[in-house]
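Scroll down for the structure; my scribbles are underneath it.
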Amino acid sequence: MKTNTYQHFFTGRPTPEIAQDLLGRTLTYQGPNGKVGGLIVETEAYLGEDDSASHAYGGRRTRYTESLYGNPGDIYIYQIRSHYCFDVVVQKAGEPQGILIRGIEPTINVQQMIKNRGVQGVNISNGPGKLMQALGIQSRQMDGQSMSDALLSIDITSKTKPQNIATSLRIGINPAGANYQAPLRFYVAQNPYVSKMLKRDADEENHGWEM
């Protein structure tokens, strides 16, 4: 039943809509030093074979990216240089669309996350590689697993509501790509844990959440 619930949540509507709905939901990892996690504050949508920024662009399908073609709610972990990043697979199996989790606001076992990262403040988790390090995930071991029964999961039963959701171009993609101008990055406006958020623009009191 839990698997069916997850699959229903991550399919049946446009990927950008799911990416926005993930904002304010809690991402957790049951690690060797206990559960850690936080509120999702930033996501990016990747739209599959027709999206020039997607790992599946043009129908590319390799052993490395195979999990991107899996069931909705599956985990796709990939590595960029020394950094690990985490996508949620969305849409029906065989349709390689995904949502990159770009930033979280730590709320669970924050001291362990600080220890994992070796830093304090917003730099704990204000970027996709940083948040994976903060969680303590530095391998592709969970790649291809369903979040319905994995140690890494997103609580889809409740959420903290953003006051406003902001939209922009995705970060770090090829500016020569056909889809470079697509506004497929979504984030909690004024949340200090959003990547590249300037301190002067951050809501230091409520972090952009409805109170």
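Start at 1 with the first residue, then count along the sequence. Remember, it's a predicted structure, so these values are computed and weren't measured experimentally.
- Every residue was checked against the side chain to side chain donor-acceptor pair (under 3.5 Å) condition with Gln163, not counting sequence neighbours, and none meets it.
- For Tyr69, the ring pair (Phe, Tyr, Trp, His ring centres under 6.0 Å) criterion is met by no residue, not counting sequence neighbours.
- Between Leu135 and Leu152 there is a side-chain heavy-atom pair separated by less than 4.5 Å.
- If you chain together hydrophobic residues whose side chains sit under 4.5 Å apart, Ile165 and Ile18 fall into the same group.
- Annotation: ring pair (Phe, Tyr, Trp, His ring centres under 6.0 Å) contacts of Tyr76 (sequence neighbours excluded): His55, Tyr78.
- The side chain to side chain donor-acceptor pair (under 3.5 Å) contacts involving residues 197-206 comprise nothing, where partners must be two or more places apart or lie in separate chains.
- Judged as a side chain to side chain donor-acceptor pair (under 3.5 Å), not a single pair has a partner in residues 29-39 (not counting sequence neighbours).
- In this structure the side chain of Ser195 reaches within 4.5 angstrom of the side chain of Arg185, judged on heavy atoms.
- Under a hydrophobic clustering in which Ile, Leu, Val, Met, Phe, Trp and Tyr are joined whenever their side-chain heavy atoms come within less than 4.5 Å, directly or via other members, Met147 and Tyr46 fall into different clusters.
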| said: Quick one, Arg170 with Asp51, criterion salt bridge (Lys or Arg N to Asp or Glu O under 4.0 Å). Give me CA distance, side-chain angles, the key distance, then yes/no. | reply: CA-CA 12 Å; Arg170 292 171 292 186; Asp51 183 350; 2.7 Å; yes
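- Between the side chains of Gln112 and Asn116, a donor-acceptor pair is found at a separation under 3.5 Å.
- For the pair Glu42 and Val188, the minimum side-chain heavy-atom distance is 4.5 Å or more.
- Taking the salt bridge (charged side-chain N to carboxylate O under 4.0 Å, His left out) definition, one finds that Glu49 meets it with nothing, sequence neighbours left out.
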Tell me which donor-acceptor pairs under 3.5 Å the side chains of residues 171-182 have, and how far apart each pair is, sequence neighbours excluded?
from   : atom 1 : to     : atom 2 : distance (Å)
Asn174 : OD1    : Ala176 : N      : 2.9
Asn179 : OD1    : Ser52  : N      : 2.7
Asn179 : OD1    : Ser52  : OG     : 3.3

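- Inter-residue side-chain proximity for Asp21 and Lys159 is flagged as met; some heavy-atom pair is nearer than 4.5 Å.
- Looking only at side-chain heavy atoms (C-beta outward), Gln190 and Trp209 stay at 4.5 Å or farther from each other.
- Summarising the local packing, CD of Gln120 is surrounded by 12 or fewer heavy atoms from other residues, nucleotides or ligands at distances under 6.0 Å.
- Qualifying salt bridge (charged side-chain N to carboxylate O under 4.0 Å, His left out) partners for Asp143, counting only residues two or more places apart in sequence or in other chains: Arg140.
- With sequence neighbours left out, the side chain to side chain donor-acceptor pair (under 3.5 Å) criterion links Thr62 to Thr65.
- For Thr28 (side chain) and Val36 (main-chain N/O), no donor-acceptor pair under 3.5 Å exists by modelled atom type.
- For the residue pair Glu66 and Tyr64, no side-chain donor N or O sits within less than 3.5 Å of a side-chain acceptor on the partner.
- A ring-ring contact (aromatic ring centres under 6.0 Å, His included) check over residues 79-134, counting only residues at least two apart or in different chains, returns nothing.
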| said: Let's go through Thr15 and Gln91 carefully: what are the C-alpha distance in whole Å and the side-chain angles of both, what is the deciding distance for side chain to side chain donor-acceptor pair (under 3.5 Å) to 0.1 Å, and is it a yes or a no? | reply: CA-CA 7 Å; Thr15 298; Gln91 308 309 341; 3.0 Å; yes
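- Formation of a donor-acceptor pair under 3.5 Å by the Arg25 side chain with backbone atoms of Ser158 is found in this model.
- Looking only at side-chain heavy atoms (C-beta outward), Val88 and Ile75 stay at 4.5 Å or farther from each other.
- Every side chain to side chain donor-acceptor pair (under 3.5 Å) that Gln133 has, sequence neighbours left out, goes to Arg117.
- With contacts defined as side-chain heavy-atom distances shorter than 4.5 Å, the pair Leu151/Met142 qualifies.
- With 3.5 Å as the limit, one finds no donor-acceptor pair spanning the side chains of Glu105 and Ser125.
- Under a cutoff of 6.0 Å and an axis angle of 45°, Arg13 and Phe9 form a cation-pi pair.
- Residues satisfying the side chain to side chain donor-acceptor pair (under 3.5 Å) criterion with Thr157, sequence neighbours excluded, are Asp155.
- Residues Ile154 and Thr26 form no side-chain contact, since every pair of their non-hydrogen atoms from C-beta on lies 4.5 Å or further apart.
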